[in-house]
Colleague: 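Just passing along the structure, written as structure tokens.
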Amino acid sequence: MGEPSERRGSYGGEADAKAGAKAHRRIPSKMKSLPAPERLKELLPRLGLAEDGQLAHLQTLFPKGGNKAMQALMNLMQSGVVDCLSWQRDSSVPESICAATGKDGDRLDLIEPIPMPPVAGCTMWDTELSVVAICNQLRDSMAQVTANAIKSEEPLVELASKFPLQVCLVAQRIRLTKLLPRAKREGRGVKSVETELNTIRDELRSALRGGESENEATLQALLTLLHEQLALIKSMVALKGDDEQTKLWRESAQFLFDPEGGVKMRLSGEEIQIGNEYCAGQQMVTTDFTHLLRSAYVNTMVQEPEKRVLVVCGNAGGGKERLLRDIGRLLGTLPTAIRGFETTPNDKEYWDRVIKAAAVSSGGPMAPFIVSQADRLPAETLTHIINAAMTHDVALCLTMVPGSQADSLKAGLLSKYTFVMMPEAPLKVVAEGLLQSQGLKNDTLAGELADLLQKLDAACSKQEHYDFGPRTLSQLCGQIGDEVSKSSFADEKQIASYVVQRCVLPKLLPADAEILQSMMKELFEFELKLSEAATSAAKRFGKVTDDIRSITKLEPDCMVLPVPPEDEEAFFAEFCKGLNADGERMIQLEGRLCDLSVEDLLGTMPKKGEAVKDGLLVTTLREAMSEPNDEERKVWIVMRTGDITMAKWECLFELLNDSGCLNLVTGEQLRLAEYLRYMFVMPGVGNTVKNTFGRSALIWTNP
């Protein structure tokens with residue numbers, strides 16, 4: 001349990017902790033004697049998303065309950081909660097859970113604090129009751145604080161310091177819905193709205209650059225929203241007639257608030273009730289496709305159950321699942337996502353159970369149930385999914401990548417459902433939104449970064465490990481924002497040039513590095529210095545080590561290739577010199593990833609009567625975090641991949657996606673220390689595809 005910050009009580013009020021005990025008293029004590037899976041699914045229906053074995057095993061993992069048990073339960077429910085914060089007003093009052101935190105430290109104070117499980121004699125049952133009470137309080141608290149934020153007349157930058165991220169987004173959406181009609185009534189016109197939004201954006205930028213770290217994620221999300229709203233208003237300003245402006249306004253999403261009925265969204269002629277599920281998270285930058293997908297979603301999901309299926313088809317790594325999650329959060333619901341793997345269950349009972357669990361626990365029938373990479377699944381499995389979705393009336397979304405399987409499904413099994421093709425992301429629009437969210441002011445930098453990546457993609461040699469798309473753009477914009485926030489150096493374009501040198505140059509072959517050098521001079525007026533060809537293995541791998549140390553100041557993971565077996569000794573000799581210089585340490589996994597199964601790496605559910613056995617990677621991570629360590633000094637987890645398969649990479653995506661945790665098959669969530677770094681030493685490209693390389697920093701060794 002963490003300690004609450006000074007934000008506590010800023011919108012909740014002082015409530016008696018005893019009120020939270022009401023939820024405990026409503027639960028019959030006889031449930032305590034039920035088998036764990038049955039009991040947990042009765043108490044928390046959303047735990048139907050987990051396997052019975054996982055739920056039973058939690059009792060073995062956490063016999064005394066506690067914070068890690070709460071984390072595991074919230075994780076198995078795909079909850080928006082990451083942690084719960086406790087607080088004790090004074091020694092005469094029992095400690096209570098006063099707040100829940102989500103991604104990026106976002107925080108929701110509970111209207112009625114929940115009593116902590118007893119310290120002495122605490123059991124898993126006590127913890128389960130606390131989680132039930134927390135879940136009930138989350139919805140009530142979200143409804144209350146949303147109403148409080150909407151009624152507030154404080155500037156948006158002040159709301160950001162007091163309210164959760166998603167509440168601030170709703171409040172600003174409602175403010176714009178009111179602002180434009182009021183401006184027209186007062187004869188000020190659309191241009192005045194643009195001026196007001198620019199002023200709000202400048203205030204948010206100043207707060208972000210001023211080091212308001214506690215609510216940094218909220219400020220960034222609001223700047224992303226302001227970018228979306230300004231794009232709409234600028235489009236309206238460009239139109240000449242009032243009728244055209246009114247038409248464009250009505251085609252956009254508008255948000256309304258009624259003290260009795262709550263928040264509603266008006267889009268495509270429909271009014272959708274906004275839910276009160278807590279599910280914080282950064283939204284993707286809005287593009288024309290975002291608006292199209294929102295409309296397609298609403299138009300599809302207001303139909304009868306047998307038509308409520310939306311298929312989104314687009315390139316791998318394009319953000320299809322994230323966009324659908326964003327829609328779920330926009331509607332105040334809790335999105336549910338299951339990824340299609342070779343090992344994904346294909347039986348009817350499994351899909352009926354998980355879809356039913358989502359249907360009763362996600363905040364209403366508009367909550368998305370997402371099956372990613374659905375084109376990997378057999379037609380029989382997809383039929384089970386569709387039938388269960390219709391039975392339980394969920395908003396079913398399927399994602400897939402273009403190809404013969406997607407074409408076959410579109411023409412056959414999925415022919416009567418809504419099918420949306422996702423285009424390539426417009427890099428300039430995405431760059432504008434990402435840089436705006438970082439508080440940058442340079443108006444030309446987004447176009448220059450997008451132009452650079454597009455020209456590199458066209459001019460460089462075709463290498464499977466090259467990625468010049470949205471993932472690399474996101475990496476660049478994030479690091480540029482971080483460097484600008486830490487530096488008093490005002491030239492954002494110059495900082496961007498150094499970030500490109502750090503992140504892009506190390507992955508390029510020598511001939512392509514010369515192309516980058518030429519483009520940096522043309523677009524950024526920056527003299528990119530190239531290293532001379534190494535005359536020995538020691539010098540070559542010494543330069544590689546320098547690149548690794550530079551890029552991982554911010555990036556937690558990197559891939560280094562090619563390092564064939566005969567070069568490994570020379571590479572590790574130079575890498576260890578770098579570790580010694582920085583006072584850091586390395587733990588190397590035994591063997592090669594290609595020779596280990598997923599179970600060998602991450603572990604399995606123990607068989608009856610057997611003890612839990614962690615996988616090799618999990619054991620190594622626990623070992624790395626068990627030793628005393630200065631937070632400033634990195635601990636490197638080094639993995640030699642061999643010719644690794646995509647199935648093996650996919651089990652490691654949580655590391656590559658910088659999630660900060662590993663969700664183990666046992667139900668436990670292993671939180672990863674920020675000082676950990678992960679290095680994948682690869683003999684070559686092998687079976688690894690471009691989409692995987694785009695998830696990590698990359699250093700080419702120039703053999």
Side-chain angles (χ1 to χ4, degrees), residues 460-467 472 503-514 516 530-552 555-581 584-598 600-601 616-617 620 634 636-653 655-656 677-703:
C460 288
S461 61
K462 304 307 175 187
Q463 305 292 329
E464 194 63 29
H465 71 276
Y466 283 0
D467 175 77
T472 294
C503 296
V504 178
L505 179 59
K507 70 177 69 176
L508 300 181
L509 274 65
D512 295 329
E514 293 178 4
L516 174 64
L530 304 181
S531 301
E532 296 181 1
T535 56
S536 67
K539 288 185 178 180
R540 178 161 66 94
F541 289 125
K543 174 63 172 61
V544 168
T545 296
D546 290 341
D547 287 338
I548 294 170
R549 293 164 68 191
S550 173
I551 203 167
T552 54
E555 294 291 328
D557 52 83
C558 67
M559 299 177 182
V560 183
L561 74 156
V563 184
E566 61 269 21
D567 284 348
E568 286 180 1
E569 183 177 353
F571 166 70
F572 281 114
E574 295 305 314
F575 182 67
C576 287
K577 289 179 184 178
L579 292 180
N580 293 335
E584 298 174 352
R585 61 193 176 98
M586 172 183 77
I587 302 176
Q588 186 174 155
L589 258 70
E590 297 178 9
R592 302 179 190 277
L593 297 184
C594 64
D595 298 324
L596 301 170
S597 68
V598 174
D600 291 334
L601 279 172
L616 180 60
L617 176 58
T620 304
K634 303 179 185 70
W636 288 84
I637 310 299
V638 177
M639 292 162 271
R640 295 174 297 162
T641 66
D643 194 6
I644 187 173
T645 64
M646 280 309 304
K648 201 73 58 64
W649 274 125
E650 286 174 345
C651 82
L652 298 169
F653 275 179
L655 287 183
L656 296 178
R677 292 295 182 268
Y678 316 99
M679 182 166 69
F680 300 91
V681 181
M682 306 175 63
V685 171
N687 296 310
T688 305
V689 299
K690 188 183 295 290
N691 175 45
T692 301
F693 286 118
R695 296 173 184 268
S696 175
L698 192 144
I699 293 91
W700 183 258
T701 64
N702 284 325

Colleague: Nearest 0.5 Å, what's the CG-CG distance between L516 and L505?
Modeller: 6.0 Å
Colleague: Verify side chain to side chain contact (heavy atoms under 4.5 Å, CB included) between F571 and T701, making sure each step is shown before the conclusion.
Modeller: CA-CA 10 Å; F571 166 70; T701 64; 5.8 Å; no
Colleague: Would the distance check show the side chain of T472 and the main-chain N or O of D467 forming a donor-acceptor pair, the cut-off being under 3.5 Å?
Modeller: yes
Colleague: Count the heavy atoms of every other residue, nucleotide or ligand shown that sit under 6.0 Å from CD of E566, and state whether that count exceeds 12.
Modeller: yes
Colleague: One pair to check against side chain to side chain contact (heavy atoms under 4.5 Å, CB included): L601 and K648. What are the steps and the verdict?
Modeller: CA-CA 9 Å; L601 279 172; K648 201 73 58 64; 3.9 Å; yes
Colleague: To the nearest 0.5 angstrom, please state how far the OG1 atom of T641 sits from the CE atom of M559.
Modeller: 8.5 Å
Colleague: Does W700 reach the side chain of P562, with side-chain heavy atoms less than 4.5 Å apart?
Modeller: yes
Colleague: Can you tell me how far the CD1 atom of I699 sits from the CD1 atom of I548, to the nearest 0.5 Å?
Modeller: 5.0 Å
Colleague: Can you tell me how far the CE atom of M682 sits from the CZ atom of F693, to the nearest 0.5 Å?
Modeller: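 Reported value, rounded in 0.5 Å steps: 4.0 Å.
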Colleague: Please report the closest heavy-atom contact between I644 and W649, naming both atoms and the distance.
Modeller: CG2-NE1, 3.0 Å
Colleague: Can you list everything that forms a salt bridge (charged side-chain N to carboxylate O under 4.0 Å, His left out) with K577? Sequence neighbours excluded, please.
Modeller: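 With sequence neighbours excluded, K577 shows a salt bridge (charged side-chain N to carboxylate O under 4.0 Å, His left out) to E574, given in chain and number order.
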Colleague: What distance separates L561 CG from E464 CD, expressed to the nearest 0.5 Å?
Modeller: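 If I round to the nearest 0.5 Å, the distance is 11.5 Å.
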Colleague: Using every non-hydrogen atom in the two residues, find where N687 and M646 come nearest and quote the distance to one decimal.
Modeller: O-CG, 3.8 Å
Colleague: Side chains of V563 and V544, heavy atoms from C-beta outward: is any pair under 4.5 Å?
Modeller: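 They are not in side-chain contact.
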Colleague: Residues two or more places apart in sequence or in another chain: which of them pass salt bridge (charged side-chain N to carboxylate O under 4.0 Å, His left out) with E650?
Modeller: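 In terms of salt bridge (charged side-chain N to carboxylate O under 4.0 Å, His left out), with neighbours along the sequence ignored, E650 is linked to R376.
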Colleague: At their closest point, which heavy atom of D512 faces which heavy atom of C460, and how far apart are they?
Modeller: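 Reported closest heavy-atom pair: OD1-CA, 3.5 Å.
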Colleague: If every non-hydrogen atom of N702 is compared with every non-hydrogen atom of R540, which pair is closest and at what distance?
Modeller: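 Smallest heavy-atom distance, with atoms named: O-CD, 3.1 Å.
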Colleague: Side chain of T545, backbone of F541: donor and acceptor closer than 3.5 Å?
Modeller: yes
Colleague: Return the NZ to OG distance between K507 and S696, rounded to the nearest 0.5 Å.
Modeller: 9.0 Å
Colleague: Okay, side chain of K634, backbone of M586: is any donor-acceptor separation there less than 3.5 Å?
Modeller: no
Colleague: Show the nearest heavy-atom pair for residues L530 and E514, with the distance to one decimal.
Modeller: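 Scanning both residues completely, I find the closest heavy atoms to be CD1-CG, 3.9 Å.
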Colleague: Can you name the nearest heavy-atom pair linking A570 to A537, along with the distance?
Modeller: CB-CB, 4.3 Å
Colleague: Just jot down the side-chain hydrogen bond (donor to acceptor under 3.5 Å, both in side chains) partners of E568, sequence neighbours excluded, or say none.
Modeller: R592, R640
Colleague: Just jot down the side-chain hydrogen bond (donor to acceptor under 3.5 Å, both in side chains) partners of D595, sequence neighbours excluded, or say none.
Modeller: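 For D595, no residue satisfies side-chain hydrogen bond (donor to acceptor under 3.5 Å, both in side chains) once neighbours in sequence are set aside.
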Colleague: Which residues pass the side-chain hydrogen bond (donor to acceptor under 3.5 Å, both in side chains) test with T535, sequence neighbours left out?
Modeller: none
Colleague: What residues form a salt bridge (charged side-chain N to carboxylate O under 4.0 Å, His left out) with K543, not counting sequence neighbours?
Modeller: D547
